[in-house]
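Naming: A, B, ... by sequence-line order, numbering from 1 per chain.
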Amino acid sequence: MKHAQTLNSEMPKAFDPLAIEAGWYARWEADGLFIADPASDQPKFAMCFPPPNITGELHMGHALQAAVYDLIARYKRMTGYEVLFLPGYDHAAIATQNVIEKQLAREGTTKEELGRDHFNARVDAWYEEVGAQIINQLRLLGASMDWTRLRFTMDARYVRAVTTAFVEFYKHGWIYRAPRIVNWCPHDRSAISDLEVEWREHQDTLYFVKYPIEGGGDLTIATVRPETMLADTGVAVNPADGRYRNLVGKTAVLPLVGRKLPIVADDAVETAFGTGALKVTPGHDPTDYEIGQRHGLEIVNGMNLDGSMNVPGLPYDGLGALEARARIVADLKEQGLLVREEPYTHEVGHCDRCHAVIEPLISEQWWLRMEELRDHALAASEAGKVRWHPERYERTYLDWLRGLRDWNIGRQLWLGHRVPVFYCANGHTTVSVEPPSNCDECGNAELTQDPDVLDTWFSSALWPFATLGWPDQTEDLKAFYPTDINCTAREIINLWVSRMIMTGLEFMGDVPFSDVVIHCVVQAPDGRRMSKSLGTGVDPRDLMSKYGADALRAWATSVAMSSQDVRFDESRVEGYRRFCNKLWNATRLVLGSPGVDSADSPGIVERHEHLEDRWILSRLSYAADAVTAGIERFTFQDSINAAYSFAWNEFCDWYLEAVKDRLREGDAVAQDVAFQCLDTLLRFLHPFMPFVTEELWSRLPRREDYLMRNSWPEPQFVDPGAEEEFQEVMAIVEEVRGHRQAAGAPPRGGKLRLDGSVNHSIARLVARLAHVDLVDAPEARGTPLAVVAGRVAFPSGAGDARREKERKRLEDDLARIEARLESSDFQEKAPPEVVKNLEERATAAREALNRLADQDS
RNA sequence: GGGCGGUUAGCUCAGUUGGCUAGAGCGCCUCGCUUACACCGAGGAGGUCGUUGGUUCAAGUCCAUCACCGCCCACCA
């Protein structure tokens, strides 16, 4: 349990985050506060943390995401839920393979040289090392994750879930194997899905090439990839294109190769592009593939899996694409077939992991039919089962879903979940979760497993239930599925969120979560992408060691739901460290008051004789409401801002200043109110800044338990009258201070006569806060301050400039207000309360001007 | 090519259903080491809310247009 001590004398003057963070995390964890109990009779609340790729350390995006998740987890615990916050990490097959390959390259070797076994050992070691790093960083952040339920997508249990899903889909007849044109990464020697292609702008050349026509004449086509012409099997024109109508049905002859190419008419051809004639390469272009299918064109495979040319008998055989291109262009030029070249800018697909140029080619792959999965997901959305925050992202998701095509789930990588398909020597296929010992059909025991692995996203798609034990009906699964929230960056809405929804509906019969929260992306200060390779990354650990985890988290949650991406601004993180320090010192002040150990805390103050007490308690209620509303609406910045301004601008700047004397005298009511404020404030700040709040709360008198497992505050002391009166206090005090500075007077001292209309409570506070003595009448000489009708003036004439400025402001304001009030349209059409409000403002401005005039006379 | 978001103080950002006398943090200027805090306190300067129109008694807030910036989808070679 925690150590009990409440002596502020032990509190250093400055808050040191590093001195307390690790200790609290260890204590929370040791006391099992992160562990979820499926048998609890509390309502359940669950979130499965998006498994970070094990490709390296956590970056800013992870920190931001973890801060948001953890704030929700802590908030829900405090509001009475049994919370499961489940951590894990992802094997990220293609990404990890690339990382290891790069390491090997640096060591001057390759995975082929190393061999499968050694390569796998290497990968395992890497998973262990990086997995530990990631966990460590999440702990540093204060993420209250249930580490007893840590999951890894390569754990045996998880693997079984993945293969089970595959087998189920297969039984439905949704998984099939077929040759199709795919995005081929020649570097990874694997197919990748459409979503894993990253498009980049290239400055290329558009080549215009003359194709002779049998029986005389020729036509010119335009291409940026002349090397693919070696695999051309046709030429296409638009049926509506009058220029070429007479050529349809004729045959062109492929230069350099001599192959006969039927000229066909197809709507897919754009008449406005190039010459309006398209060379058709069904084996290496998706559009061409479809045209080829429609017209029965032959498919020629002109490329090897490593991206080199596969054109036996031609001089380009075995060359890389770019080299072949140069040679072909030269040869065409020599033969007079190159009509012209134009610079051309277009988008070229790259592998999003290794960045190699994608080569579309025909390949036999595993496919998953999406029709039914998609339709169920669409129906779930229509039924309002998933809410998106901000709402607009629902459309992003739905638009993508509606255009969904079959998913290429096979990968030809060394890493990943193996496809659970086995072939026997007789050519039969057995599909099974557990490796079969015999062929299902003929009993043959000589089985070989399909070499393909599954797309990483196939396994990630099962995350919300596979982590809970599916396909077994575990206690966790029953208690915590469906989960409640998924929070990610928008870039993986389609890759991941959509697929979880589809598999959840399929295997669990319900959506995997009810709310999807999309957070913004943090950019480098100059607006570029934050990236290690660009050198624009900022390490969250550096920030934590400079400012503390609380400051980083407070900043992260304050920007997470921005409508636009945010540029990283370190000064804002620093600002939240100062805020922690402010809280620290405010607590220190209150704890330093004599006799606090016996203060009646916590307890609602029944003795309301002090205006400032009623005022701050009313403000506290208002702030607590705002914090709660912000969390509930997923606008965390509203929560942070409300907490910050209450703590700093109201509690510290005004309340503590107002009650300093009372605290010093050991006034039990002031102590009680101050503790009440601190107690509540620390509670509603805890999800945002768990460490400093737990530390300070533990120092308040008689706090036996952890703040972390205490209840969410709902103070309900609202006193509009007190708020109004205190406004008056602040206005007069600010005026005194303003005049003082304008006149160059000392910051305290002097005498002030308040108008008789100012009540005693207000007068008392003004005197204290403005550091003046109240008198009945200003003395003729040596009186620095005087007041007329509740407003401050210097009788001497010092402060005239300020007064003049004030007059100007008031006059301008009054003129504007009167202009509006004089409009009959306004009087008739504006709501009465708006008119009334404006009239009151006009009155106030006139009174203020009158007072200024009185002072002049 | 389609869709979405953004353009508010020197910088980074807030501004809920139109009522704003437009805010915060940082930075800047002037004071002040007052027994919680100099990781501080007090005062102050600084914005015709990207453009041009429109709707309205009233527009940063709604509509249209244009201009930039960013993102997501999209297989015109």
Side-chain angles (χ1 to χ4, degrees), chain A residues 8 11 13-15 181 183 194-195 197 199 206 221-225 228 236 268-270 272-274 277-281 285-290 344 346-347 349 360 390 392-393 395-396 399-400 403 490-491 493-494 521 523 525 527 547 558-559 562-572 574-592 629 633 635 637-638 641 644-645 649 652-653 656-657 660 663-664 734 737-742 744 746-748 771 809 812-813 816-817 820 823-831 833-835 837-838 841 845:
Chain A
N8 86 318
M11 290 178 77
K13 273 177 77 168
F15 170 57
I181 193 145
N183 305 298
D194 294 342
L195 288 174
V197 176
W199 294 88
L206 188 59
I221 57 88
T223 179
V224 278
R225 295 204 302 157
T228 64
V269 180
E270 297 286 331
F273 188 88
L278 171 70
K279 67 192 249 331
V280 183
T281 321
D285 184 281
T287 307
D288 293 10
Y289 177 78
E290 282 166 18
Y344 182 59
H346 66 142
E347 301 266 294
R392 62 187 140 92
Y393 287 112
R395 241 191 80 190
T396 306
D399 285 350
W400 180 78
R490 59 182 177 271
E491 63 175 359
I493 289 174
N494 299 332
V521 172
Q523 303 170 333
Y547 307 113
S558 77
V559 301
S562 295
S563 57
Q564 59 183 335
D565 290 344
V566 291
R567 296 181 177 204
F568 179 66
D569 179 1
E570 189 165 334
S571 74
R572 289 184 65 177
E574 189 183 355
Y576 285 111
R577 182 191 62 180
R578 294 187 196 179
F579 181 51
C580 292
N581 189 248
K582 192 73 178 174
L583 294 173
W584 179 269
N585 278 292
T587 307
R588 205 160 70 90
L589 170 68
V590 179
L591 289 175
R633 290 184 202 139
T635 53
Q637 64 279 9
D638 294 342
N641 290 342
Y644 186 100
S645 62
N649 305 122
C652 290
D653 286 351
L656 289 182
E657 291 303 327
K660 259 181 184 169
L663 287 175
R664 220 169 275 141
E734 277 167 355
R737 287 171 179 166
H739 276 89
R740 264 215 170 98
Q741 298 243 357
R748 46 180 65 206
H771 302 291
R809 211 206 90 230
D812 289 350
D813 197 29
R816 244 183 329 227
I817 294 169
R820 285 178 67 188
S823 152
S824 56
D825 274 344
F826 176 75
Q827 293 285 356
E828 285 165 25
K829 295 179 182 168
E833 63 270 23
V834 173
V835 177
N837 182 277
L838 217 55
R841 271 172 54 198

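- Listed by chain and number, the residues in a side chain to side chain donor-acceptor pair (under 3.5 Å) with A:R490 are A:D565 (sequence neighbours excluded).
- For B:U12, one of the phosphate oxygens OP1 or OP2 lies less than 4.0 angstrom from a side-chain nitrogen or oxygen of A:R567.
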In B/S/- notation (B base, S sugar-phosphate only, - none; protein heavy atoms under 4.0 Å), nucleotides 25-37 of chain B written 5' to 3' is BS-------B-BB

Could you run down nucleotides 71-77 of chain B 5' to 3' and tag each one B, S or - for protein heavy-atom contact under 4.0 Å?
S-SBBBB

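- The backbone N or O of A:R809 sits nowhere less than 3.5 Å from a side-chain atom of A:D813 that would complete a donor-acceptor pair.
- Shown here are the side chain to side chain contact (heavy atoms under 4.5 Å, CB included) partners of A:E574, two or more places apart in sequence or in another chain: A:Y547, A:R577, A:R578.
- Rounded to whole angstrom, the span from the CD1 atom of A:I817 across to the P atom of B:U21 amounts to 8 Å.
- Shown here are the salt bridge (Lys or Arg N to Asp or Glu O under 4.0 Å) partners of A:R633, two or more places apart in sequence or in another chain: there are none.
- What separates CG of A:D638 from P of B:A14 is a distance of 11 Å, to the nearest Å.
- Residues satisfying the side chain to side chain donor-acceptor pair (under 3.5 Å) test with A:K660, not counting sequence neighbours, are A:E657.
- With rounding to whole Å, A:Q564 atom CD is found 8 Å from B:G6 atom P.
- A:A586 pairs by the side chain to side chain contact (heavy atoms under 4.5 Å, CB included) definition with A:F651, A:C652, A:L656, not counting sequence neighbours.
- In this structure, the ring of A:F273 has its center less than 6.0 angstrom from the ring center of A:Y344.
- Legend: residues meeting salt bridge (Lys or Arg N to Asp or Glu O under 4.0 Å) with A:R572, ordered by chain and number and at least two apart, are absent.
- Atom CG of A:L838 and atom P of B:U21 are 8 Å apart (whole Å).
- Applying the side chain to side chain donor-acceptor pair (under 3.5 Å) criterion to A:E347, with sequence neighbours excluded, gives no partner residue.
- Computed from coordinates, the A:R395 CZ to B:G2 P distance equals 14 Å when rounded to whole Å.
- For the pair A:E734 CD and B:G41 P, the computed distance is 14 Å after rounding to whole Å.
- Evaluation of the salt bridge (Lys or Arg N to Asp or Glu O under 4.0 Å) rule for A:D399 yields A:R395, A:R402 as partners, not counting sequence neighbours.
- The phosphate of B:U21 (OP1 or OP2) has a side-chain N or O of A:R841 nearer than 4.0 angstrom.
- Using a 4.0 Å heavy-atom distance criterion, A:S562 is classed as a sugar-phosphate-only contact.
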What pattern of brackets, bars and dots sums up RNA chain B from 5' to 3', given Watson-Crick or G-U wobble pairs under 3.5 Å, [ ] for crossing pairs and | for another strand?
(((((((..((((.....[...)))).(((((.......))))).....(.(((..]....))).))))))))....

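- At whole-Å resolution of the value, CZ in A:R577 and C1' in B:C40 are 13 Å apart.
- Within 4.0 Å of A:P831, counting heavy atoms only, lies at least one base atom of the nucleic acid.
- Qualifying side chain to side chain donor-acceptor pair (under 3.5 Å) partners for A:S571, counting only residues two or more places apart in sequence or in other chains: A:D569.
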